[in-house]
Amino acid sequence: MAYRNSFKLGLLGAVSLTACSTVTPSSSVVSADVMAIHQRLMTLDTHLDTPAFFDTAHGYDIMKRHSYERDGTQVDYPRMVEGGLDGGFWAIYMGQGPLTPEGYQQVRDKALIRATSIHKMAAANPSIFEIALTSADATRINATGKKIVYLSMENSYELGEDLSLLDSFYKLGVRMAGPVHNGTNQLADSANPGPLGAKWGGLSPMGRDYVKRANELGIILDGSHSSDTTIEQMIDLSATPIILSHHGCDGVFEHPRNLPDALLKKLAAKGGVIHMNALGAFLKVLPQSKERTDALAALRTKWGNPNDLAGDKYEQYLNDSNALDKQFPENRATFDDYMEQVLYAIKLVGVDHVGFGADWDGGGGVAGYDDVTMIPKVTDRLLKAGYKEADLQKMWGGNVVRLLKAAEDYKASLAK
Ligand SMILES: [Zn+2]
């Protein structure tokens, strides 16, 4: 397609010259006028799960343009350029395991490897990516044309029973952290609690110390994946506003991963921000056919975990997976479903308290909003809904940078 060809030429320019060279991609998803506005914004997504691919058997070349249709991935440098995504918070995601010394040690080591992999991405492409450590870094790095790489932690299971590890992850660059993922852990009750249930009634005693230490370090606390009670206690306890880095509203669709209106208002009243998740199952009920469910189970039996596949085996797995999707299409949520959530949140709490964290490469994305090349569509919709460029700048990055500044200021106030 002409659009993709012209993009490739633009990218070659970006790679062969320096990151300072201006790349102005055209977009097939919005008008040139809207794209021009979108390009002027500094756009940050607060939950990029792409680092989960870095340590797979087949690896992930962030500099190569992948295809969502082929491998289901949603973020790489060429597509960030294409969609005008300037960066975000790149997650150290760890799945929940047993609360045992062995479990803690294993996950700690994996989390350290993941943090290193994010640093490697930046170190291997120093004219393309830069690690961001302060609130001021966002605009500074953006002005150079490089992509902004903040580090975040999704689940803090890897701290085990040693809170001083939070200091270590801070030193590795982590500036946003959430206590829990799927499965209540040593720190907090989860929105999806699993066998331990709501063991703590919110935060555990260690979880309360964790909130305090995150404040002292200048880390933004992230309530996504926490239970509503945990989130409420984080709002009450935290010295600085908290974020929900990829979340939704119960007011549109009731789900444990979405927030009741009253709690969202409380979050906003304390200066906090909700970044809207585009994960289909949190947007509406999406029944899948028995044929598809059975075929997915058979695919899993045949290939095991695709993360463990490399080379031809991985390509053959993708062939099978693509054929399955063609034969038994997934019942997906749509871009309209996503925008309903976004517009609802803005109406409820205002442009100072909403942003975007679509859960790219972590299960997010809906029909018509498949990967980061599509993000100008949100800008387009919000402009059509009457929001101004200044409003968009807050939502696309200003709000989360404000939260990081508040976290830094609090840390500095303690040093006096
Ligand atoms: Zn998540």
Side-chain angles (χ1 to χ4, degrees), residues 44-56 72-75 85 88-97 107 110-111 114-115 117-118 150-159 169 174-185 187-194 207 210 214 219-228 230-231 234 242-250 253 255-259 264 267 272-284 286 307 332-333 337-338 341-342 345 354-366 369-372 400 403:
L44 297 172
D45 181 288
T46 48
H47 191 68
L48 299 172
D49 263 321
T50 318
F53 301 151
F54 294 171
D55 307 314
T56 59
T73 67
Q74 297 170 311
V75 182
L85 177 62
F89 286 75
W90 301 68
I92 302 165
Y93 157 69
M94 291 291 128
Q96 187 58 47
V107 70
K110 281 185 189 163
R114 189 66 50 78
S117 298
I118 300 170
Y150 284 110
L151 273 73
S152 62
M153 273 168 77
E154 180 177 37
N155 202 357
S156 294
Y157 166 45
E158 54 262 46
L159 303 181
F169 280 99
V174 168
R175 294 295 180 268
M176 177 190 293
V180 69
H181 189 254
N182 288 336
T184 289
N185 66 13
L187 296 164
D189 293 344
S190 164
N192 181 357
Y210 166 91
I219 292 175
I220 305 171
L221 284 154
D222 181 1
S224 279
H225 287 288
S226 286
S227 73
D228 290 348
T230 304
I231 292 171
M234 285 167 74
I242 76 161
I243 195 169
L244 305 174
S245 69
H246 55 305
H247 225 94
C249 302
D250 274 338
F253 178 63
H255 190 284
R257 282 287 283 108
N258 295 337
L259 204 67
L264 184 51
L267 171 105
V273 186
I274 182 172
H275 279 240
M276 307 309 295
N277 198 343
L279 195 149
F282 306 155
L283 301 177
K284 67 201 287 195
L286 294 165
N307 286 348
R332 303 178 73 197
D337 295 325
Y338 181 53
Q341 278 275 357
V342 171
V354 179
F356 309 105
D359 215 348
W360 298 121
D361 288 330
V366 291
Y369 200 60
D370 294 308
D371 64 17
V372 295
V400 67
L403 257 56

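For ligands, and for the atoms within them, numbers begin at 1 and follow the listed sequence.
Between the side chain of D361 and the backbone N or O of A52 there is no donor-acceptor pair closer than 3.5 Å. When atom types are taken as modelled, the side chain of D189 and the backbone of S227 share no donor-acceptor pair closer than 3.5 angstrom.
Relative orientation of the Y369 and Y338 rings is parallel, given thresholds of 30° and 60° on the angle between their planes. Ring geometry for Y150 against F89 counts as parallel: the plane angle stays under 30°, on a 0 to 90° scale with 60° as the upper cut.
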What verdict does the ring-ring contact (aromatic ring centres under 6.0 Å, His included) test give for Y93 and H181, after you've listed the backbone C-alpha separation in whole Å, the side-chain angles of each residue and the deciding distance to 0.1 Å? CA-CA 9 Å; Y93 157 69; H181 189 254; 4.7 Å; yes
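Contact check on R332 versus D337 returns no salt bridge, with no Lys/Arg side-chain nitrogen under 4.0 Å from an Asp/Glu carboxylate oxygen.
At a cut-off of 2.8 Å, measuring from the Zn ion (ligand 1), the protein N, O or S atoms that fall short of it are E154 OE2, H225 NE2, H246 NE2, waters left aside.
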